[in-house]
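The structure appears right after this line, and notes come after that.
Lettering follows sequence order; numbering is per chain, from 1.
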2 protein chains.
Amino acid sequence: MPRDVDHDQRRREIVGAVWTIVARQGIEGVTLRGVAAEAGVSMGRVQHYFGTRDELVRHACRLMVEGAQAEHAAQGQALPPVERLRLLVHRAVPTTPGFTLGVAVWTAFHAKSVDDPEISAILTDAHRGGVREGAALVVEARARGDLPDGEDPAALALRLLALAEGYGARVLVGSLDAAAALAALDREIDRAAAAPRD
Amino acid sequence: MPRDVDHDQRRREIVGAVWTIVARQGIEGVTLRGVAAEAGVSMGRVQHYFGTRDELVRHACRLMVEGAQAEHAAQGQALPPVERLRLLVHRAVPTTPGFTLGVAVWTAFHAKSVDDPEISAILTDAHRGGVREGAALVVEARARGDLPDGEDPAALALRLLALAEGYGARVLVGSLDAAAALAALDREIDRAAAAPRD
DNA sequence: GTCGTTACGATGCACTTGCATTGCAAAGAC
DNA sequence: GTCTTTGCAATGCAAGTGCATCGTAACGAC
């Protein structure tokens with residue numbers, strides 16, 4: 001067994017270049033040559049690790065979802081559930097350059113999902129995972145008394161996430177201020193914390 | 001002045017083909033040849049009316065926004081303001097084939113806006129127009145006593161629209177049921193009608 | 001009728017694209 | 001050392017792309 005290289009590491013490097021390009025030029029901008037150049041590797045390498053362009057794009061989608069989940073888990077580790085919920089929701093709004101890239105890429109894959117069932121499946125999983133996480137945080141927060149009972153946790157989580165994505169999309173396009181979006185989301189969470197619904 | 005043809009009509013025919021293709025294969029799927037074939041015209045015609053591919057795509061974006069606005073205005077003509085508001089937010093959810101196409105195309109242009117400032121400008125206008133329309137309906141409904149006072153009309157309209165787009169995106173991807181999305185939106189409107197906020 | 005203008009249709013071209021192929025070099029296994 | 005397997009790099013190629021160009025047919029003004 002010759003030439004022991006870390007395949008996953010190589011793939012991550014290449015996928016990182018894909019994200020950069022997608023955020024700048026959309027998925028149509030993803031070409032084998034362009035990705036290779038952006039990653040600073042040869043086209044042969046890209047081909048070696050991703051036999052096909054579609055596979056490259058799909059892997060980029062998978063890794064971005066996994067990365068976002070991992071990042072969120074790490075960031076909120078020491079925070080109380082309500083704050084972790086807030087963090088989860090804030091992720092959908094392009095504030096920092098990192099989030100902006102993430103939201104742009106996220107949006108691109110959303111559009112791509114209309115003609116790629118695999119992407120659609122990945123996003124569906126991501127959506128469900130997000131709602132599950134959000135609902136769990138709601139339950140946790142209620143157990144601590146930080147959030148009043150009421151609305152179904154999953155429905156509440158879904159509502160907050162959908163709202164956040166709607167605001168986030170507008171911020172990305174430029175028709176809404178990021179600060180205004182965050183403020184609106186915070187109001188929504190605080191209101192859920194202050195008064196029971198339904 | 002020879003050969004009197006209706007330019008706008010010709011453009012609409014071609015743009016219709018663009019929408020169809022975008023909904024099926026995304027904006028990357030838009031090629032001059034493909035559009036010509038879908039519209040049942042020659043490639044020369046497409047080139048004649050839209051000098052460049054970019055112009056074609058942008059015009060398709062403009063016409064879709066205008067068409068949506070006109071359609072909404074026509075549909076709700078005889079309805080009370082609250083119902084017109086309901087219609088406005090329901091538009092973002094892919095229920096009928098027509099709305100599904102619309103939401104798919106809308107999503108595609110949203111993604112495209114990251115690298116095309118003109119598209120971004122068109123969408124920004126559309127966003128603002130939507131909020132203005134929604135806010136006006138809120139004001140109108142309040143004047144009739146159908147909606148209680150409270151939240152700023154524009155903020156309420158923005159919240160409803162963002163929420164609708166968030167739900168709509170999930171329905172498009174397939175992670176959410178259209179009926180569930182509509183129900184959630186109706187609950188939101190009814191709640192705004194039942195209890196003042198903030 | 002003719003003349004000029006417009007609305008195309010047809011074709012050609014330079015370029016980019018994804019992917020197949022080929023060759024080779026590095027690193028264990030022996 | 002040899003051998004074998006893997007990890008690439010280089011190149012080639014057919015297909016598809018946007019766009020320029022050229023020809024021409026239709027129609028109105030005169």
Side-chain angles (χ1 to χ4, degrees), chain A residues 1-22 24-62 108-109 111-112 115-119, chain B residues 1-22 24-61 63 108-109 111-112 115-119:
Chain A
M1 202 182 278
R3 206 81 162 283
D4 191 20
V5 297
D6 185 340
H7 294 179
D8 284 342
Q9 172 58 20
R10 291 268 139 103
R11 272 190 257 263
R12 269 191 300 261
E13 287 169 10
I14 296 171
V15 160
V18 173
W19 292 342
T20 305
I21 292 176
V22 169
R24 270 205 306 256
Q25 329 180 35
I27 295 182
E28 7 176 359
V30 174
T31 69
L32 297 187
R33 281 164 244 264
V35 170
E38 178 71 35
V41 303
S42 81
M43 207 183 116
R45 182 122 120 200
V46 178
Q47 256 187 288
H48 182 71
Y49 284 100
F50 305 93
T52 208
R53 191 193 102 115
D54 279 0
E55 215 181 310
L56 173 60
V57 169
R58 289 179 187 140
H59 203 79
C61 184
R62 268 180 237 120
F109 282 124
K112 179 74 180 164
D115 81 322
D116 189 329
E118 286 209 39
I119 301 269
Chain B
M1 203 182 273
R3 206 79 162 285
D4 191 20
V5 299
D6 186 340
H7 294 180
D8 283 343
Q9 172 59 19
R10 290 270 142 101
R11 272 190 258 262
R12 267 190 302 257
E13 287 169 13
I14 296 172
V15 161
V18 174
W19 293 341
T20 306
I21 292 177
V22 169
R24 269 204 308 256
Q25 328 180 35
I27 295 182
E28 10 177 358
V30 175
T31 68
L32 298 187
R33 280 164 245 266
V35 170
E38 177 70 34
V41 303
S42 80
M43 206 183 116
R45 181 121 121 200
V46 177
Q47 255 188 293
H48 182 71
Y49 285 101
F50 306 93
T52 207
R53 192 193 101 114
D54 279 359
E55 217 183 308
L56 174 60
V57 170
R58 289 178 187 142
H59 203 78
C61 184
L63 281 194
F109 282 124
K112 180 71 180 165
D115 81 321
D116 189 329
E118 287 209 38
I119 300 269

Exercise. So A/V22 and A/Q25, side chain to side chain contact (heavy atoms under 4.5 Å, CB included) or not? Walk me through it.
Worked result: CA-CA 5 Å; A/V22 169; A/Q25 329 180 35; over 6 Å; no
I need the [atom1]-[atom2] distance between [X] and [N], as an integer number of Å.
X	N	atom1	atom2	value
A/I27	C/dT17	CD1	C1'	17 Å
A/H48	C/dT21	NE2	C1'	15 Å
A/L56	C/dG18	CG	P	10 Å
A/E28	C/dG18	CD	P	12 Å

What distance do [X] atom [atom1] and [Y] atom [atom2] have between them, rounded to the nearest 0.5 Å?
X	Y	atom1	atom2	answer
B/L63	B/D8	CG	CG	8.0 Å
B/D54	B/I119	CG	CD1	8.5 Å
B/R11	B/H48	CZ	NE2	8.5 Å
B/R53	B/I27	CZ	CD1	7.5 Å
A/D116	A/F109	CG	CZ	9.5 Å
A/D6	A/E13	CG	CD	9.0 Å

Exercise. How far apart are the C-alpha atoms of A/V57 and A/V18, what are their side-chain angles, what is the distance that settles it, and do they pass the side chain to side chain contact (heavy atoms under 4.5 Å, CB included) test?
Worked result: CA-CA 8 Å; A/V57 169; A/V18 173; 5.5 Å; no
Exercise. So how far off straight is the helix from C/dG1-D/dC30 to C/dC30-D/dG1, going by the axes through five pairs at either end, to 10°?
Worked result: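 Between the first-five-pair axis and the last-five-pair axis there is 0°.
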Problem set entry | Distance test, side-chain N/O of B/R10 to OP1/OP2 of C/dC8, below 4.0 Å |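 Yes, because at least one side-chain N or O of B/R10 sits under 4.0 Å from OP1 or OP2 of C/dC8.
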For this session: Ignoring backbone atoms, test whether B/H7 places a side-chain nitrogen or oxygen under 4.0 Å from the OP1 or OP2 oxygen of C/dT6.
Result: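 Answer is no, no contact under 4.0 Å.
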Exercise. Partners of B/E118 by salt bridge (Lys or Arg N to Asp or Glu O under 4.0 Å), sequence neighbours excluded?
Worked result: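 Partners of B/E118 under the salt bridge (Lys or Arg N to Asp or Glu O under 4.0 Å) test: B/R58, B/R62.
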Exercise. When you measure from the side chain of A/Q47, which nucleotide among D/dG7, C/dC19, D/dC19 comes out closest?
Worked result: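 Of the options given, the side chain of A/Q47 lies nearest C/dC19.
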Return all side-chain donor-acceptor pairs below 3.5 angstrom for residues 31-40 of chain B, not counting sequence neighbours, or 'none' if the list is empty.
residue, atom, partner, partner atom, Å
B/T31, OG1, B/G34, N, 2.9
B/E38, OE1, B/R24, NH2, 3.0

Using the 3.5 Å cut-off, write out each protein N or O paired with an N or O of nucleotides 13-17 of chain D and the distance between them.
none

Exercise. Can you list the residues that meet the ring-ring contact (aromatic ring centres under 6.0 Å, His included) rule with A/H59, with sequence neighbours excluded?
Worked result: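 Result, ring-ring contact (aromatic ring centres under 6.0 Å, His included) vs A/H59: A/F50.
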For this session: Could you check which residues of residues 36-45 of chain A get a heavy atom under 4.0 Å from DNA chain C? Sort them by number, please.
Result: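 A/M43, in order of number.
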